[in-house]
Amino acid sequence: MFLEFKNGVKSLLQKAVEAAGYEVADLCLETSAYADLASSVAFKLSSKYKESPQIIATKIFEKIQIPKKSYVDKADVIGPYINFYVNREFLDETIKQISAEGENYGSLPKKDERIILEHTSANPTGPLHVGRGRNPIIGDTLARILRRAGYDIETQFYVNDMGKQIAAIVWGYDNVDPNTLSKPERDKPDHDIVRYYRRATELISEDPKVDVEVNEVLAKYESGDPKTIKRFKKVVENCIEGQRQTLERVNVHYDRFVWESQFVRDGSVDEIIEKLKKTRYASLRDGALTLDLREFGLEKDFVLTRSDGITLYTTRDIAYHLWKFSNADVVINVLGEDQKLAMAQLQAALKILNIEKEPKIVFYSFVSLPEGRMSTREGIVVDLDDLLDEALERAYIEVDKRRPELPEDRKRKVAEIVGMGAVRFDTVKVAPEKMMTFRWEEALDFEKQGAPFIQYAHARACSILSKAQLGDFDPSLLKESYEVELIKKMAFFPSMIASAASDLKPNLIATYARELAETFNQFYRYIPVLRAEEDIRNARLALVNCARIVLANVLDLLGIIAPESM
RNA sequence: GGGCUCGUAGUAUAGUCUGGACAGCACAGGGGCCUCCGGAGCCUCUAACCCGGGUUCAAAUCCCGGCGGGCCCGCCA
């Protein structure tokens with residue numbers, strides 16, 4: 001509804017500007033604390049036409065004609081600003097629309113564009129840790145946003161099943177006595193595997209002979225030895241399964257797992273190397289094939305193959321990207337900031353291969369510990385599993401404190417909904433590029449206006465609705481300022497999704513969710529619903545129902561469960 | 001050393017791309033609110049744009065130079 005209002009304002013303002021004898025490309029429309037939309041276009045015109053902004057604003061204002069059929073109520077001028085306000089019909093239509101569309105409210109028209117969104121793609125060397133934990137949550141939230149924005153989207157987890165790290169694990173299972181390792185921290189395959197990974201990398205750095213042996217394992221794998229291939233596959237499958245179980249807990253799922261090795265096996269990596277080899281960027285240095293990318297502003301040579309002919313990760317990633325582009329119109333990757341150089345090299349290589357399109361990349365900064373960054377190899381990590389367990393425990397204490405009368409299984413259930421929601425919300429509310437430092441006290445401090453705040457608003461709405469029947473209603477009876485503010489906030493939802501989708505900024509949705517909950521809570525505090533007289537009561541019930549719908553939809557966008565009670 | 005990135009109250013953040021009206025929110029601290037549908041709530045006070053230049057009618061926002069944190073600069077992934 002807000003988009004319709006904005007378009008209405010745009011066209012009438014454009015006409016007014018022209019009628020006043022001015023010409024401008026940008027109408028400078030923005031949301032404002034003073035009005036529903038404000039234009040600062042008078043500033044833009046003042047230097048061009050050598051008149052004061054106030055005078056220009058007034059002249060334009062005098063030419064404004066509001067069409068009969070529109071969502072614009074009125075306009076006014078305050079100093080150099082021209083302000084616009086929504087009308088009654090806008091509010092009424094919003095309520096009707098939300099009531100009618102229900103859980104589809106906010107969904108944008110289907111677009112004829114297919115997106116592949118790659119996220120997480122964690123190394124199958126051990127359990128997921130908090131350091132890279134933002135990736136699945138940012139990625140999954142983005143996927144939900146884009147789906148609502150009307151795109152045909154597929155999420156992919158790229159499995160790095162090749163390479164030395166897997167060889168090290170396979171070597172470890174053959175050569176390390178399990179009795180010399182500490183017990184796995186959990187009965188999950190990823191926790192078992194990581195013990196061998198850590199020990200093997202330790203031994204590689206201590207003893208050059210081990211390094212040679214691990215390279216032999218890798219060579220066997222690369223040469224296509226069926227037995228070795230099978231063992232690699234088993235290790236990776238187990239590890240991914242463990243990671244998948246963890247991600248399931250925070251409501252993150254994937255449409256497809258894409259195995260890196262498939263691009264080696266089907267020959268597409270070789271094909272790419274052959275193509276690149278023939279370009280003027282390529283050269284052979286000590287047997288290694290490299291690309292000179294200075295033309296693309298990259299000083300660093302891009303090494304495509306090692307001198308022993310073995311391909312490197314980024315080279316194989318080119319094949320994956322070509323495959324993605326042949327299957328989608330838009331390719332989006334959620335990646336850690338450490339991948340920036342590799343991605344720049346990859347994009348340059350794609351250009352050399354005459355691929356017009358380039359992937360859109362959302363880079364996020366790592367979550368580090370106060371003492372430094374996390375590392376699976378060195379065992380300096382906070383496992384995501386541990387964080388989730390602690391969040392659950394902490395949430396249970398809160399539930400137990402507030403609702404001691406609830407049956408035990410319900411308390412557990414609510415704790416899970418609240419705990420997992422808090423983890424997701426706290427992760428996604430911060431802009432991806434900002435660095436985060438992990439501290440237990442802060443991670444588990446369920447900030448008042450975090451996920452529980454929004455879930456609570458939803459539960460309150462449900463509580464009211466459970467005590468009454470929805471009936472016919474007249475939305476025009478909703479005139480109190482708290483009611484009007486709530487309606488306006490809800491009307492904003494679809495345009496919020498549009499901008500979060502086009503800018504790939506999931507944190508915008510988190511901010512919106514909090515604002516919506518706050519607006520609802522204010523309404524709840526001051527406006528009685530059940531006690532109101534019948535006509536008003538019916539209208540307010542409809543409004544509460546709308547709030548319930550939008551709160552549920554926005555929580556769904558964040559991958560957070562909307563409880564009916566908590 | 002070079003490149004990228006971040007720097008907003010005591011803490012943690014929104015806003016920065018696309019410059020405009022009081023820099024929004026929370027935690028912590030001060031003061032209030034249950035004759036009322038769930039107080040995980042509401043109201044209120046205190047408190048911030050790293051430093052220095054520049055562009056502009058207008059700079060948290062754009063440009064240049066510092067300073068500080070993070071990341072990258074492997075024939076690892």
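Excluded from the calculations below are hydrogen atoms, water molecules and symmetry mates; all remaining heavy atoms, backbone and side chain alike, are included. Residue numbers begin at 1 in each chain, while the letters A, B, ... track the order of the sequences.
- Considering only side-chain N and O atoms, A/Lys429 lies nowhere under 4.0 angstrom from the phosphate OP1 or OP2 of B/rA12.
- Ion pairing between A/Asp36 and A/Lys488 holds under the 4.0 Å rule for side-chain N and carboxylate O.
- Nearest heavy-atom pair, A/Ala57 versus A/Pro80, reported as atom, atom and distance to 0.1 Å: CB-O, 3.6 Å.
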For residues 496-512 of chain A, which side-chain N or O atoms pair as donor and acceptor with protein atoms under 3.5 Å away, sequence neighbours left out?
unit_1: A/Ser499; atom_1: OG; unit_2: A/Ser495; atom_2: O; d: 3.1
unit_1: A/Ser499; atom_1: OG; unit_2: A/Met496; atom_2: O; d: 3.3
unit_1: A/Ser502; atom_1: OG; unit_2: A/Ala498; atom_2: O; d: 3.3
unit_1: A/Ser502; atom_1: OG; unit_2: A/Ser499; atom_2: O; d: 3.4
unit_1: A/Thr511; atom_1: OG1; unit_2: A/Asn507; atom_2: O; d: 3.1
unit_1: A/Tyr512; atom_1: OH; unit_2: A/Lys489; atom_2: O; d: 2.7

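- Checked against B/rC72, B/rU16, B/rU18, the side chain of A/Lys505 finds its nearest nucleotide in B/rU16.
- B/rG10 is paired with B/rC27 under the Watson-Crick or G-U wobble criterion, all donor-acceptor distances under 3.5 Å.
- A close approach under 4.0 Å does occur between a side-chain nitrogen or oxygen of A/Asn507 and OP1 or OP2 of B/rG15.
- Taking the C1' atoms as reference points, B/rG54 lies 11 Å from B/rA59, given to the whole Å.
- Using a cutoff of 4.0 Å between basic side-chain nitrogens and carboxylate oxygens, A/Asp211 and A/Lys164 are scored as salt-bridged.
- Comparing B/rA77, B/rC75, B/rA26 by their closest approach to the side chain of A/Arg306 singles out B/rC75.
- When the P atom is used for both B/rU61 and B/rC37, the distance is 49 Å, rounded to whole Å.
- Counting atom types as modelled, A/Ser307 pairs a side-chain N or O with a base atom of B/rC75 as donor and acceptor under 3.5 Å.
- Comparing atom distances between the A/Arg460 side chain and each of B/rC6, B/rC75, B/rG41 picks out B/rG41 as nearest.
- Between A/Lys401 and A/Glu398 there is a salt bridge, since a side-chain N of the basic residue sits under 4.0 Å from a carboxylate O of the acidic one.
- Side-chain atoms of A/Ser261 and A/Asp161 include a donor-acceptor pair closer than 3.5 Å.
- Of the P atoms belonging to B/rA26 and B/rA14, the separation is 15 Å, rounded to the nearest Å.
- When each of B/rA77, B/rG74, B/rC43 is scored by its nearest atom to the side-chain atoms of A/Arg316, the top-ranked nucleotide is B/rA77.
- The shortest distance between the side-chain N/O atoms of A/Tyr524 and the OP1/OP2 oxygens of B/rG38 is below 4.0 Å.
- Between A/Tyr456 and A/Tyr524, the gap from one ring centroid to the other reaches at least 6.0 Å.
- In this structure, B/rG1 forms a base pair with B/rC73, meeting either the Watson-Crick or the G-U wobble geometry with both donor-acceptor distances under 3.5 Å.
- At a cut-off of 3.5 angstrom, counting only N and O atoms as typed in the model, there is a donor on one side and an acceptor on the other between the side-chain of A/Asn83 and the base of B/rA21.
- Nearest nucleotide to the A/Ser565 side chain, out of B/rU13, B/rG7, B/rG38: B/rG38.
- Checking B/rC25, B/rG38, B/rA77 against the side-chain heavy atoms of A/Arg514 singles out B/rC25 as nearest.
- Atom name C1', nucleotides B/rC43 and B/rC34: the rounded distance is 14 Å, in whole Å.
- Taking atom C1' in both B/rA40 and B/rC27, one finds a spacing of 15 Å when rounded to whole Å.
- When Watson-Crick and G-U wobble pairs are counted only if both distances are under 3.5 Å, B/rC42 pairs with B/rG32.
- Of the side-chain N and O atoms in A/Lys300, one or more sit less than 4.0 angstrom from OP1 or OP2 of B/rG74.
- A/Ser40 and A/Lys44 are not linked by any side-chain donor-acceptor pair at a separation below 3.5 angstrom, with hydrogens and angles left out of the test.
- Note on A/Ser463: a side-chain N or O is less than 4.0 Å away from OP1 or OP2 of B/rG38.
- A donor and an acceptor atom sit less than 3.5 Å apart, one in the side chain of A/Ser32 and one in the base of B/rA21.
- Proximity note for A/Ala33 (side chain, C-beta onward) versus B/rC37, B/rG39, B/rC22: the nearest is B/rC22.
- Residue whose closest nucleotide on RNA chain B sits further toward the 5' end, between A/Arg132 and A/Thr511: A/Thr511.
- Contact annotation: A/Gln522 reaches the phosphate of B/rC43 (side-chain N/O to OP1 or OP2, under 4.0 Å).
- Distance noted for atom C1' between B/rC50 and B/rA28: 23 Å (whole Å).
- Rounded to an integer number of Å, the gap from A/Glu442 CD to B/rA28 C1' is 12 Å.
- By the rule that a glycosidic angle within 90° of 0 means syn, B/rC49 does not qualify and counts as anti.
- For B/rA77, the OP1/OP2 oxygens have no side-chain nitrogen or oxygen of A/Tyr313 closer than 4.0 Å.
- As the counterpart of B/rC57, B/rG20 is assigned, both hydrogen-bonding distances of the Watson-Crick or G-U wobble pattern falling under 3.5 Å.
- Each of A/Val399 and A/Met436 was matched to the nucleotide of RNA chain B holding its nearest heavy atom; the match closer to the 5' end belongs to A/Met436.
- Across B/rA40, B/rA21, B/rA77, the shortest atom-to-atom separation from the side chain of A/Ile78 is found for B/rA21.
- Of all nucleotides listed (B/rC75, B/rG41, B/rU16), B/rG41 comes nearest to the side chain of A/Phe453.
- With C1' as the reference atom, B/rG19 and B/rC62 are 7 Å apart, rounded to whole Å.
- Listed nucleotides: B/rG41, B/rC22, B/rA40. Nearest to the side chain of A/Arg525: B/rG41.
- Separating the C1' atom of B/rA48 from that of B/rU13 is a span of 12 Å, rounded to the nearest Å.
- Between the CD atom of A/Glu30 and the P atom of B/rG24 there is a distance of 15 Å, given to the nearest Å.
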